[in-house]
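Please read these numbers as outputs of a predicted model, since none were measured by experiment. Side chains included, hydrogens not; waters and symmetry mates left out as well; all remaining heavy atoms used.
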Amino acid sequence: MMTESGKDQAVVLVVDDTPTKLYILSSWLRRAGHQVAEATGGLEALRKVREIHPDLVVLDVRLPDISGYEVCEQIKSDPASSSIPVIQISGAAITTADRALGLHRGADAYLAEPIEPDEFAATVEATLRYYRARQRAERLAGRLGALTELTLALNAAETFDDLLSTAVEGTSRILGRRAGALTLHPDGRPRRFTARPPSGATTARSAPPAALEGLTELALGDRAGTEIFTIPYDYWSEVAPDTPARQDIVAVMSRTKLNRPAICLGVEQDSELDEDELSILRQLGQAVALAVEALRAYAEEHAIALTLQRSLLPSRVPEVAGLDIGWRYQPAVDNVEVGGDFYEVLELGEQVLIGIGDVQGHSLAAATVMAELRHALRASLIDSVDLARSLALLNNVLRRYHPRMTATVCLTLVDPATGETLVANAGHIPPLLIAPDGTARYHELGNLLLGVAEEVYRVDRVTVPPGGTVLMFTDGLIEDRDKYLDESLEIARKAAESIGDDVDEFADRLIESFGAREDDVALVLFRRGHHRT
């Protein structure tokens, strides 16, 4: 609050056991526009310091219970009051040694009586001016540190709602006001969160689809950028009747690019925001907008990558009499690039070819090579079916056209009527053979992976009994940084022993048992003697 003279009003505690002196000092302070509280003893003064937390203490050195030196020392030793300035006054302790003792024990100024009104007023204003500048600097430094921590938390948020919730909670905590945020989720639906201090707990609220458009037009028009503006309470309560705000809202609207949804971040204006608070709010708005844009771009890239990946895989898997076939493709949880994992299911007369493969790397090049191998595999099976010849062809394709790429492929050719199955493996994890009684074992290791050297591929013959299952998967399912490969292979084998009756349910359960994956996962399995319903 400002006084008539243009100076900030302060709450001053005057401590003196002499009624006349107490009255005079209090009068001078009131005349200068300050609010005054009074105490006549040291213990009373300490109690009032804790209760009202004054902006300044004017303290007599000689008090009836404890000395002003001790009162000052206790004020300065308490973290809750150490920043409160103290001016000591004395008509008896006026020597240089007395003044030095007072300053040494924590006083910020020392006046010896008789005191002139102008000298007193000037000392009060100078002391307040210094401490207010110091408090402002400390408060700003604390807020900037909190802003840095909040920015890191925003960039670490993994979901859109987590990001907004973190932003609103942090804004409420930093500025000490009720805060709210409004923007559009990448799915096109509005998201709105509010939080209030001191807990900062966030609450998700509904928002009319047109609310953000109206506020964006009000603040930015058709421009990109960042703008501080005021949302009148009457306007916002009409747009959002469930608003917890009871005052006008000071908000920042930030849009990083044209034709992108803006982010609106605001705080309730229960008291006027100072210049530092407005600057912090602007920086918060920009930080949130950048984090939202990064997360939105990531979500879009991930969706594009996933769409491209799925477009390169079979659009459907045929229903085959005598076989129950399950398959899954799960992209890496933190990777927006397309990968080279694939599976294939082809009906070839009375037989069915079921294959799986993995081209090294995560990139458009890996996905392109994967598509080439799938098409080359299909072409190799048009006139005749020879698994060894097909793998040799794929090996030659890689070595001739992609000499720096490698891939693993495992092919199985099964006759549903008899269960006779051919297995050809180029460096892939061996198929897991699961007997009807649940006994599970890996088939033998295969030949060298594709793309390394000329190779003659071996074809093994196994028989899948009625109720038997063959499971094939890429290494993304089982590879973990903190486990040996053999250990993870054994975990998959043990899981297969409780496969159950539903191959689709087992596929989900198997992937879930390994948790979030750092690599893409392709999985295909077939059971003989069951029909897909």
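Neither side chain, Tyr131 nor Asp55, offers a donor N or O lying under 3.5 Å from an acceptor on the other. Judged by distance alone, the side chains of Tyr329 and Asp341 never bring a donor and an acceptor atom under 3.5 Å apart. Gln269 and Thr230 form no side-chain donor-acceptor contact under 3.5 Å, judged by distance and modelled atom types alone. Side-chain polar atoms of Ser279 and Gln283 form a donor-acceptor pair below 3.5 angstrom. In this model, no donor atom of one side chain and acceptor atom of the other lie less than 3.5 Å apart for His104 and Glu73.
Taking a cutoff of 4.0 Å between a charged side-chain nitrogen and a carboxylate oxygen, Glu113 and Lys21 qualify as a salt bridge. Note on Arg246 versus Glu268: no salt bridge recorded, every NZ/NE/NH1/NH2 to OD/OE distance being 4.0 Å or above. Between Arg328 and Asp504 there is a salt bridge, with a side-chain nitrogen of the basic residue lying less than 4.0 Å from a carboxylate oxygen of the acidic one. We find that Lys76 and Asp108 are joined by a salt bridge, their nearest charged nitrogen and carboxylate oxygen being less than 4.0 Å apart. Using a 4.0 Å cut-off between charged side-chain N and carboxylate O, Lys494 and Glu497 make a salt bridge.
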Applying side chain to side chain contact (heavy atoms under 4.5 Å, CB included), run through Phe193 and Arg205 and close with a yes or a no.
CA-CA 6 Å; Phe193 286 88; Arg205 299 181 182 275; over 6 Å; no
Mind running side chain to side chain contact (heavy atoms under 4.5 Å, CB included) on Ile231 and Asp248 for me, showing each step along the way?
CA-CA 6 Å; Ile231 306 174; Asp248 291 348; over 6 Å; no
Applying salt bridge (charged side-chain N to carboxylate O under 4.0 Å, His left out), run through Arg509 and Glu512 and close with a yes or a no.
CA-CA 5 Å; Arg509 180 157 42 90; Glu512 184 179 348; over 6 Å; no
Go through Glu479 and Ser488 one step at a time and tell me if the side chain to side chain donor-acceptor pair (under 3.5 Å) criterion holds.
CA-CA 7 Å; Glu479 282 191 339; Ser488 296; over 6 Å; no
Give the intermediate values and the outcome of side chain to side chain contact (heavy atoms under 4.5 Å, CB included) for residues Arg189 and Leu184.
CA-CA 6 Å; Arg189 294 181 296 168; Leu184 286 184; over 6 Å; no
Checking side chain to side chain contact (heavy atoms under 4.5 Å, CB included) for the pair Met370/Phe342: CA distance, chi angles, key distance, verdict?
CA-CA 7 Å; Met370 175 266 282; Phe342 70 94; 3.3 Å; yes
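Asp520 has its side chain out of reach of Thr474: every pair of non-hydrogen atoms, C-beta onward, lies at least 4.5 Å apart. Looking at Leu13 and Val15, their side chains come closer than 4.5 Å, going by heavy atoms from C-beta outward. Side-chain atoms of Ile87 and Leu59, non-hydrogen and from C-beta on, never get closer than 4.5 Å to each other. Leu215 is listed as a side-chain neighbour of Trp236, based on a closest heavy-atom distance under 4.5 Å. Residues Ile66 and Leu46 meet the side-chain proximity criterion, which asks for heavy atoms closer than 4.5 Å. Looking at heavy atoms from C-beta onward, Leu220 lies in side-chain contact with Arg223 at the 4.5 angstrom threshold. Taking 4.5 Å as the limit, some side-chain heavy atom of Leu56 sits within range of a side-chain heavy atom of Val124. Taking the side chain as every heavy atom from C-beta outward, Val359 and Thr406 never approach each other to under 4.5 Å.
Distance check: Leu281 CG to Gln286 CD gives 10.0 Å after rounding to the nearest 0.5 Å. Between Asp162 atom CG and Leu154 atom CG the span is 11.0 Å, to the nearest 0.5 Å. Between the OG atom in Ser77 and the CZ atom in Arg105 there is a gap of 11.0 Å [rounded to 0.5 Å].
Between the side chain of Glu277 and the backbone N or O of Asp274 there is at least one donor-acceptor pair closer than 3.5 Å. Looking at Arg177, its side chain never comes within 3.5 Å of a backbone N or O of Ile174 through a donor-acceptor pair. Distance alone, capped at 3.5 Å, places no donor-acceptor pair between the Glu119 side chain and the Ile115 backbone. Ser172 places no side-chain N or O within donor-acceptor distance of the main-chain N or O of Glu169, the cut-off being under 3.5 Å. A donor-acceptor pair under 3.5 Å is absent between the side-chain atoms of Thr166 and the main chain of Ala153, judged by distance alone. Under a 3.5 Å cut-off, the side chain of Arg192 and the backbone N or O of Gly180 do not form any donor-acceptor pair. Between the Thr183 side chain and the Ala262 main chain, a donor and an acceptor come within less than 3.5 Å of each other. Counting only distance, with no hydrogens or angles, the side chain of Lys48 and the backbone of Ala39 share no donor-acceptor pair below 3.5 Å. The backbone N or O of Asp161 lies less than 3.5 Å from no partner atom in the side chain of Ser165, so there is not a single donor-acceptor pair. A donor-acceptor contact shorter than 3.5 Å is absent between the side chain of Gln88 and the backbone of Val61.
In this pair, Tyr69 and Tyr110 present their aromatic rings parallel. The plane angle is below 30°, not in the 30 to 60° band.
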